[in-house]
Number of protein chains: 2
Amino acid sequence: MRKQERERLILQFLDENGYIDVSDIESKCSVSAITARRDLEKLAKLGYLVRTHGGAVKEESVSNLFSFSKRIDHSTKKKIAIAKYASQFIHDNDAILMDSGTTIFRLCDFIQKRNDLKVITSSLPVASELIKSPAIKVFLIGGEVFPDRRATYGPIASEHISHYHAKKAFIGTDGVSIQSGITVQDVNEVTRIKSMINVADKVYLLCDSSKIEQNSLFKMAPISTIDYLITDDAVSEEIVEKYKEAGVEILVAEVE
Amino acid sequence: MRKQERERLILQFLDENGYIDVSDIESKCSVSAITARRDLEKLAKLGYLVRTHGGAVKEESVSNLFSFSKRIDHSTKKKIAIAKYASQFIHDNDAILMDSGTTIFRLCDFIQKRNDLKVITSSLPVASELIKSPAIKVFLIGGEVFPDRRATYGPIASEHISHYHAKKAFIGTDGVSIQSGITVQDVNEVTRIKSMINVADKVYLLCDSSKIEQNSLFKMAPISTIDYLITDDAVSEEIVEKYKEAGVEILVAEVE
DNA sequence: GTCTAAATGGTTATTTATGATTGTTATAAT
DNA sequence: ATTATAACAATCATAAATAACCATTTAGAC
């Protein structure tokens with residue numbers, strides 16, 4: 001296989017999966033790691049992808065005003081896998097709520113091609129990304145903008161959410177446990193997420209396995225308020241059982 | 001095998017496989033490497049394929065680079081001058097409304113260092129720009145996002161604006177005339193700008209001189225609703241007088 | 001048969017692509 | 001926070017592909 005053919009393959013894989021490992025290229029293309037890295041380096045230079053430690057992620061936001069700084073860590077992969085898995089619950093004609101946070105943001109990659117999708121979001125990056133898709137209507141939740149999270153919050157935002165109704169809500173969190181429920185680091189998030197849960201029929205909590213049975217500072221809602229918890233495959237069978245007993249179905253996304 | 005026959009085979013193979021090696025041609029057609037290369041060279045020249053080191057790939061598989069043309073033309077200069085001039089009316093501790101549009105967006109550059117400034121905006125680019133400044137609080141007007149303008153609009157947006165009050169509103173337009181007042185190209189803009197005017201003490205209309213005494217499709221508000229019109233130095237003294245009589249002060253920004 | 005022009009093949013210096021090694025740095029596990 | 005592991009950049013080395021040059025063959029014209 002030639003260089004160009006490899007490059008095409010890399011970009012195609014990246015488009016479908018959101019990320020690629022150096023080792024993926026090694027095995028798929030039968031080249032050494034250094035060659036794989038050189039390919040990624042070149043493509044990154046051209047702006048087709050963003051290099052990470054051990055691979056690369058899709059350059060989803062060349063023209064995105066609110067792009068997240070691309071973090072170079074392994075957990076990115078988990079988040080993408082979780083997002084990809086979650087995307088299967090989003091269908092044409094749906095009206096969904098999308099909260100802020102990197103995991104939720106990754107959902108954008110996988111729902112760009114939905115038809116007649118209505119997305120209500122508090123996240124500026126999500127809005128900025130999804131308005132590129134002509135068949136998606138984006139509704140931005142107004143309110144004060146929280147610079148760190150690039151999302152709106154505050155009483156006006158919470159009030160604003162009550163204007164809407166959605167089939168499904170996709171939210172992220174800093175921690176979740178059976179004992180304390182959903183907990184977050186920032187008190188500003190609390191009311192907004194509560195409002196989202198209130199106006200949605202089904203609530204999907206997206207969080208990687210490292211956050212399960214971890215508590216953050218502020219209690220937001222009991223575990224019973226969520227319907228599905230989507231996480232990565234590093235979660236133990238034991239925890240899945242426990243959560244099932246607590247009324248939460250854990251859905252496991254395979255991380256490659 | 002004839003030359004033409006080889007060429008046909010090469011293109012066919014390329015169409016099926018996406019790529020071809022020089023060695024493939026050598027074995028398939030029983031010719032030397034140099035002949036194979038000459039064939040590829042010719043076909044590449046004609047645009048049927050793209051040459052690679054060691055072979056060739058399909059023409060379409062080479063993706064194009066995204067080209068950002070960030071030209072600063074004359075009208076951009078005017079807009080910058082107008083924005084710079086307008087920025088002197090924005091002070092520390094102010095609460096202001098900023099609409100969408102390129103001219104208004106240029107204001108961001110000149111107010112980044114204000115202290116305790118509250119900015120209420122319908123524009124995603126404005127929000128994304130100003131949240132970088134720690135001393136500026138940004139309030140985003142919620143509602144449906146209008147992809148072309150990267151701004152929110154619709155009944156929810158208009159209703160949302162009524163939650164706020166601001167000292168000054170900075171708005172743009174597609175046309176303004178004494179006869180028809182402020183007019184815009186898009187009907188979606190109408191109600192939002194109206195709402196903005198309603199909640200602001202003073203209204204600043206920013207528009208370059210080419211739009212003065214020009215009418216666009218939708219009437220938005222009579223000329224009397226605006227307090228100041230900031231434009232560039234290509235406006236005639238005669239028009240300034242006329243507008244003064246109509247109760248609008250025209251402020252002229254020098255372009256360079 | 002001899003000539004001409006196009007096509008093809010061989011040789012060599014050069015360029016390009018790839019691989020191996022080593023010390024450094026980033027990430028994950030503890 | 002500390003340690004172990006994996007990924008990294010930098011360097012050099014190697015192999016393959018290339019361009020440029022000249023030589024040879026082939027097909028058709030006279």
Side-chain angles (χ1 to χ4, degrees), chain A residues 1-11 13-14 19-46 48-57 68-82 102-103 207-214 231-236 239 254-256, chain B residues 1-11 13-14 17-46 49-57 61-62:
Chain A
M1 190 180 323
R2 301 289 156 189
K3 199 170 191 251
Q4 275 80 354
E5 179 62 9
R6 271 204 319 271
E7 286 170 9
R8 202 185 60 71
L9 232 90
I10 290 167
L11 291 174
F13 187 91
L14 214 50
Y19 66 89
I20 194 165
D21 285 355
V22 169
S23 59
D24 290 334
I25 303 170
E26 279 189 74
S27 58
K28 275 180 212 299
C29 305
S30 322
V31 290
S32 68
I34 187 137
T35 303
R37 253 183 266 123
R38 275 199 270 247
D39 286 349
L40 293 180
E41 204 177 312
K42 182 191 165 190
L43 292 170
K45 211 167 193 172
L46 291 168
Y48 289 116
L49 49 79
V50 175
R51 205 65 174 64
T52 68
H53 200 84
V57 295
F68 285 104
S69 55
K70 307 293 183 323
R71 276 186 297 174
I72 312 216
D73 56 21
H74 166 77
S75 67
T76 304
K77 218 194 324 187
K78 286 184 184 172
K79 286 174 181 172
I80 292 170
I82 292 168
T102 47
T103 311
C207 80
D208 58 79
S209 54
S210 66
K211 290 171 181 167
I212 294 178
E213 287 306 299
Q214 296 294 313
T231 190
D232 58 85
D233 52 12
V235 69
S236 72
I239 282 180
E254 299 290 327
V255 185
E256 177 83 344
Chain B
M1 192 180 316
R2 285 280 149 71
K3 199 172 191 227
Q4 272 84 351
E5 175 69 359
R6 274 204 318 273
E7 286 173 8
R8 201 186 57 71
L9 226 89
I10 290 168
L11 291 174
F13 187 90
L14 212 51
N17 295 54
Y19 65 98
I20 194 166
D21 285 358
V22 168
S23 60
D24 290 334
I25 303 171
E26 278 186 73
S27 58
K28 274 181 210 300
C29 306
S30 321
V31 290
S32 69
I34 189 142
T35 303
R37 253 182 266 122
R38 276 198 269 249
D39 287 347
L40 293 179
E41 204 176 311
K42 182 191 165 190
L43 291 170
K45 212 165 194 172
L46 293 169
L49 49 79
V50 173
R51 204 65 176 61
T52 70
H53 201 82
V57 292
S61 72
V62 181

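To find a chain, count down the sequence lines: A is the first, B the second, and so on, and within it residues start at 1.
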Shortest non-hydrogen contact from [X] toward [Y]:
| X | Y | answer |
| --- | --- | --- |
| L49(A) | I10(A) | CD2-CG2, 4.1 Å |
| L14(A) | A56(A) | CD1-O, 3.7 Å |
| R37(B) | R51(B) | CG-NH2, 2.7 Å |
| F13(A) | Y19(A) | CE2-O, 3.2 Å |

Please report, rounded to the nearest Å, how far the [atom2] atom of [N] is from the [atom1] atom of [X].
| X | N | atom1 | atom2 | result |
| --- | --- | --- | --- | --- |
| R2(A) | dA17(C) | CZ | P | 11 Å |
| E5(A) | dT18(C) | CD | C1' | 17 Å |
| D21(B) | dA17(C) | CG | C1' | 13 Å |
| K45(A) | dA9(D) | NZ | P | 12 Å |
| E41(A) | dT18(C) | CD | P | 13 Å |

For this session: Please tell me if the side chains of C29(B) and E5(B) come closer than 4.5 Å, counting only heavy atoms from C-beta onward.
Result: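 Heavy-atom side-chain distance check fails, nothing below 4.5 Å.
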
Exercise. Do T52(B) and K3(A) have side chains that get closer than 4.5 Å, going by heavy atoms?
Worked result: no

Exercise. Hey, is the main chain of S23(B) close enough, under 3.5 Å, to the side chain of D21(B) for a donor-acceptor pair?
Worked result: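 A pair under 3.5 Å: no.
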
Problem set entry | Check: D232(A) main-chain N/O paired with S209(A) side-chain donor or acceptor under 3.5 Å |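 No; judged by distance alone, with no hydrogens or angles, the pair does not exist.
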
Grab the N/O contacts between the protein and nucleotides 6-8 of chain D below 3.5 Å, and write none if there aren't any.
{"unit_1": "dA7(D)", "atom_1": "O4'", "unit_2": "H53(A)", "atom_2": "NE2", "d": "3.2"}
{"unit_1": "dA7(D)", "atom_1": "O3'", "unit_2": "G54(A)", "atom_2": "N", "d": "3.0"}
{"unit_1": "dC8(D)", "atom_1": "OP1", "unit_2": "R51(A)", "atom_2": "NH1", "d": "2.9"}
{"unit_1": "dC8(D)", "atom_1": "OP1", "unit_2": "R51(A)", "atom_2": "NH2", "d": "3.4"}
{"unit_1": "dC8(D)", "atom_1": "OP1", "unit_2": "T52(A)", "atom_2": "O", "d": "3.2"}
{"unit_1": "dC8(D)", "atom_1": "OP1", "unit_2": "G54(A)", "atom_2": "N", "d": "2.7"}
{"unit_1": "dC8(D)", "atom_1": "OP2", "unit_2": "R37(A)", "atom_2": "NE", "d": "2.8"}

Are any protein N/O atoms closer than 3.5 Å to N/O atoms in nucleotides 9-13 of chain C? If there are, list each pair with its distance.
{"unit_1": "dG9(C)", "atom_1": "OP2", "unit_2": "S32(B)", "atom_2": "N", "d": "2.9"}
{"unit_1": "dG9(C)", "atom_1": "OP2", "unit_2": "S32(B)", "atom_2": "OG", "d": "3.0"}
{"unit_1": "dG9(C)", "atom_1": "OP2", "unit_2": "T35(B)", "atom_2": "OG1", "d": "2.6"}
{"unit_1": "dG9(C)", "atom_1": "N7", "unit_2": "R38(B)", "atom_2": "NH2", "d": "2.7"}
{"unit_1": "dG9(C)", "atom_1": "O6", "unit_2": "R38(B)", "atom_2": "NH2", "d": "3.3"}

